[in-house]
Amino acid sequence: MKRILLVCAVGLCLLVFAHPAHANVLTGATATVNCNGFSLTVDASALTIATSYTINFTFTLTPTSGPPITVPGTINFTATSSTATETISGTWPGAPLTASFTVTGSAVLTSSGSTVPIIINGSTAALLTCGLDGRMTGGGSVFETDGTRVTHGFELHCDTADVPNRLEINWAAHRFHLETLVTAFCFKDLTINAAHPTDIFNTYVGFGTGLLDGSPGATANWTFTDAGEPGTNDTATIVIKDSLGNVVLSVSGKLDSGNQQAHTDNK
């Protein structure tokens, strides 16, 4: 009999200590996000009625280049039943965003440490693209590390459907001629000041296919920046591959001569 009571006592102790692990839990968190901000809904259960709770949440916006942006927030509420659904909205710092970000997030109920990932636009990691419209024109020259001069000239739209889109790059008896603008993304890098009235964006990131020395199947990736007049602080980063995927040119730096200018759209 004593042995049975002892087992029961142990069982009761296990039940007593296990109970808090099932109390005050987050059962889910979902959010919709856009270039301006977010709307977050969080569900909790096993709450104690008339008790105040705090939920801390964090969104992390990771750009294609540069440091991530952390956006924290807090939801405070008092439980009116054993379950609760709380919704909060907010705006991103410096909204609207003008770049491409991968957005992730998590939420934690501070009383229990219960943590869940935030499902954002239906995914645990959502891509948020916030580009700007316009076009960039110009060109100039930059140098490879071995001193080879690379010259380029272009007129490129931020929308691939807008035409014309022209890009030509020349170096060491080689020539790339753009045939198809595949992707284009224009945004405003806050560390760059173009310092003119059409400063709606200052960075153009593009990818396209074309002819390399007259042969089809080559590709080019580029990033052009407009850092104001007279163009000496503008930069160009260019990578060209042949039809087999071999890198035939990789160059990056400030313009030695020339100028790159961002413009409002000319539709």
Side-chain angles (χ1 to χ4, degrees), residues 63-66 98-102 127-189 192 194 198-227 231 233-267:
T64 53
S65 63
T98 56
S100 181
F101 295 91
T102 298
L127 178 63
L128 185 61
T129 301
C130 303
L132 296 171
D133 205 3
R135 63 191 177 97
M136 184 177 280
T137 62
S141 62
V142 288
F143 287 93
E144 292 188 82
T145 54
D146 64 1
T148 300
R149 180 185 291 272
V150 180
T151 62
H152 65 289
F154 63 90
E155 178 183 5
L156 296 164
H157 288 81
C158 302
D159 184 344
T160 59
D162 291 348
V163 292
N165 288 299
R166 305 185 182 99
L167 171 64
E168 186 168 318
I169 302 164
N170 296 274
W171 76 103
H174 295 291
R175 175 174 177 263
F176 174 85
H177 176 77
L178 180 69
E179 290 189 306
T180 303
L181 178 62
V182 178
T183 63
F185 183 70
C186 298
F187 66 97
K188 190 169 184 177
D189 184 336
I192 299 173
T198 57
D199 185 20
I200 59 168
F201 76 96
N202 54 35
T203 305
Y204 188 113
V205 181
F207 170 76
T209 60
L211 302 175
L212 175 62
D213 300 331
S215 298
T219 63
N221 291 272
W222 62 86
T223 300
F224 299 141
T225 67
D226 176 7
N233 288 319
D234 295 354
T235 63
T237 298
I238 303 167
V239 177
I240 297 177
K241 297 180 181 180
D242 63 19
S243 59
L244 299 178
N246 300 308
V247 176
V248 295
L249 175 68
S250 179
V251 66
S252 182
K254 289 185 177 181
L255 299 190
D256 175 66
S257 62
N259 195 6
Q260 298 169 167
Q261 290 188 313
H263 308 272
T264 55
D265 210 336
N266 60 349
K267 296 181 193 178

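The first residue in the sequence is number 1, and the count goes up from there.
Atoms CG and CG, from D226 and N259 in turn, are 6.5 Å apart once rounded to the nearest 0.5 Å. For the atom pair CD1 (I238) and CG (L167), the distance works out to 7.0 Å, reported to the nearest 0.5 Å. Atom OG1 of T151 and atom CG of L255 lie 11.5 Å apart (nearest 0.5 Å). The line from CG of N221 to NZ of K241 is 7.0 Å long, rounded to the nearest 0.5 Å. A distance of 12.0 Å separates CG in D242 from CG in L249, rounded to the nearest 0.5 Å. A distance of 7.0 Å separates CG of L178 from OG1 of T209, quoted to the nearest 0.5 Å.
Taking 4.5 Å as the limit, every side-chain heavy atom of H157 sits out of range of all side-chain heavy atoms of V163. Contact annotation: the side chain of D256 never approaches that of V142 to less than 4.5 Å [non-hydrogen atoms, C-beta and beyond]. A 4.5 Å side-chain heavy-atom check between M136 and T225 finds every atom pair outside the cut-off.
Closest heavy-atom contact between T235 and Q260: O-NE2, 3.0 Å. S252 and T237 make their closest contact through OG-OG1, 2.7 Å (heavy atoms, listed as atom of the first residue, atom of the second, distance). Residue D234 comes nearest to A227 through the heavy atom pair OD1-N, 2.6 Å, listed as atom of the first residue, atom of the second, then distance. Scanning all heavy atoms of the two residues, the minimum distance from L181 to A184 falls at CD2-CB, 4.2 Å. Considering every non-hydrogen atom in both F201 and C186, the closest pair reads CD1-CB, 3.7 Å. Shortest non-hydrogen contact noted between T148 and A172 is CG2-CB, 4.0 Å.
Between W171 and H174, the ring-plane angle classifies as tilted under the 30° and 60° cut-offs.
Within the structure, salt bridge (charged side-chain N to carboxylate O under 4.0 Å, His left out) pairs that include any residue of residues 166-175 comprise E155-R166, E168-R175 (at least two apart or interchain).
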Could you walk me through whether L156 and F224 pass the side chain to side chain contact (heavy atoms under 4.5 Å, CB included) test, one step at a time?
CA-CA 10 Å; L156 296 164; F224 299 141; 4.0 Å; yes

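Looking only at distances, a side-chain donor or acceptor of H152 sits under 3.5 Å from a matching main-chain atom of G140.
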